Amino acid sequence: MPDAYILGIESSCDETAAAVVHSGEHVVSNVVASQIATHQPYGGVVPELASREHLRAIIPVVRQALAEAGHTYNSVDAIAVTRGPGLAGSLLVGISYAKALAFALDKPLIGVNHLEGHIHAVLLDLLQNQERQKGNRDLQFPVLALVVSGGHTHLYLAEQKDQGWIYENIGHTRDDAAGEAFDKVAKLLGLGYPGGPVIDRLAGHGDPRAVKFPPAQIKHRDRRGRKDGRAIEPIVDANDHRPRFDFSYSGIKTAILRYVETHNMRASIEERRQALARIPKPTLEDYLALCDKPTLDLVASFQRAMVEDLVEKTLAAARTYDAATLFVTGGVAANQELRQTFEQEGAKEGLPVFFPSRPLSTDNAAMIAAAAYPRFLAKDFAPTDFSAEAGLALR
Ligand code: KG4
Ligand code: ZN
């Protein structure tokens with residue numbers, strides 16, 4: 001395999017990131033500038049602010065990634081950038097900069113699907129660990145990958161083809177993504193943004209069996225369409241009658257809203273929200289001091305319900321499609337209870353389960369540079385009219 005240093009650039013949502021990865025396996029540098037502080041007062045990502053922050057951060061972040069790797073603009077072999085899916089304005093900042101760099105330096109440019117990046121984040125850590133352990137590097141296919149983040153809850157069946165991977169979507173969320181549900185529930189309970197990490201830390205302090213939620217019901221076939229270019233493409237091919245494993249998380253969010261109303265929790269939530277807004281970096285103790293037992297029980301029950309639903313559906317899909325290996329990746333894959341439950345339940349079925357390290361679970365550019373490597377080998381470079389595709393599908 002040829003040696004190659006790829007500079008990856010990622011700006012699809014609220015993180016400006018750059019990284020240098022050696023031959024798709026070794027993370028040489030990995031810099032992530034988070035915009036959490038910018039979006040925190042709004043309880044979610046504001047697209048216009050995200051683009052502005054990317055513009056501010058992109059040049060220093062790329063410079064830092066090169067410097068930490070001991071590289072220069074000229075010494076890298078290719079530039080990889082996230083093409084989609086994501087916020088169009090945010091994607092365009094990374095793409096315009098990557099195109100300009102590639103043009104000025106006369107280096108190949110590689111467009112990467114953000115979701116394929118999340119899947120390759122697992123591979124990055126797997127290859128590094130296996131090398132350390134001098135273990136068997138053969139991965140068994142088909143791989144079932146659950147990409148679970150603030151924007152996605154997607155199940156892909158992956159096979160190897162030539163030097164790269166090909167993907168087939170066998171499930172996705174019909175409404176909110178799992179990370180979005182964590183964020184919305186945290187906002188509803190006055191716990192701030194982003195919600196996932198806070199809920200993760202608080203859930204262990206409540207009773208996960210205290211509040212019962214009805215299971216998500218999906219009765220109809222998915223008839224929605226996705227805007228692909230200008231045409232509206234159905235998300236699911238009408239002639240594809242194989243089993244699907246879709247998710248739905250808007251119901252649990254509504255159930256929590258109703259619980260808050262019927263248990264008169266509004267006033268204490270507002271008090272907590274205001275108290276937390278006055279603390280620059282709240283610690284776990286600050287959160288615990290501001291949460292009563294019913295709130296902690298509600299948080300723990302919500303997380304348990306989310307984890308059970310994600311694990312049950314994913315393992316059912318793995319059985320149906322006879323997956324040999326399971327990958328769980330994306331921001332929500334940083335969740336401790338989710339990791340433990342997947343490991344336990346996967347082991348019962350003899351299914352090997354792999355996650356990225358926690359820092360590589362959330363958005364980063366190392367995963368983009370890693371996913372670009374097979375395309376670099378295949379000389380699959382971006383055309384000059386290459387642009388952002390907010391609704392890019394993974395195939
Ligand atoms: O992959 P990511 O950084 O960005 C997207 O592509 O969306 O994922 C961010 C999402 C947010 O919704 C955040 O609340 C969630 O991942 N998240 C978590 C945890 N850490 C981040 N959710 C649950 N538990 C966590 N520990
Ligand atoms: Zn992501």
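In this chain, residues are counted from 1 in sequence order. When a ligand or atom number is given, it counts from 1 through the structure's own listing order. No experiment lies behind these values; they were computed from the predicted model shown.
The shortest N or O to N or O distance between G196 and ligand 1 is under 3.5 Å. At a 3.5 angstrom cut-off on N or O pairs, F182 does not count as close to ligand 1. Between P194 and ligand 1, not a single N/O pair is under 3.5 Å apart.
Looking at S361 and R339, their side chains do bring a donor and an acceptor atom within 3.5 Å of each other. Q274 and E270 share a side-chain donor-acceptor pair at under 3.5 Å. Residues N335 and Q303 bring a donor and an acceptor atom of their side chains to less than 3.5 Å of each other. Between the side chains of E68 and Q64, a donor-acceptor pair is found at a separation under 3.5 Å. H114 and S12 share a donor-acceptor pair across their side chains, judged by distance under 3.5 Å alone. If you check the side chains of R244 and N169, you find a donor sitting under 3.5 Å from an acceptor. Under the 3.5 Å distance criterion, with hydrogens and angles disregarded, no donor-acceptor pair is assigned to the side chains of D14 and H54.
The Zn ion (ligand 2) has no N, O or S atom of H152 closer than 2.8 Å. Residue contact annotation: C13 places no N/O/S atom under 2.8 Å from the Zn ion (ligand 2).
Of the protein's non-hydrogen atoms, G331 O, 3.5 Å is the one closest to atom 17 (N) of ligand 1. Protein heavy atom in closest approach to atom 26 (N) of ligand 1: D200 OD2, 2.8 Å.
At a 4.0 Å cut-off, at least one heavy atom of H114 sits close enough to ligand 1 to count as contact. Within the structure, ligand 1 lacks C13 among the residues with a heavy atom less than 4.0 angstrom away.
Nearest N, O or S atom of H118 to the Zn ion (ligand 2): atom NE2. Taking the Zn ion (ligand 2) as reference, the nearest N/O/S atom within D363 carries the name OD1.
Between Y167 and W165, the two ring planes are tilted [angle within 30° to 60°]. Aromatic ring pairs are classed by plane angle as parallel below 30°, tilted from 30° to 60° and perpendicular above 60°; the pair H154 and H172 is tilted.
Counting heavy atoms under 4.0 Å from ligand 1, residue H118 touches it through the side chain alone. Looking at D183 against ligand 1, only its side chain comes within 4.0 Å, counting heavy atoms.
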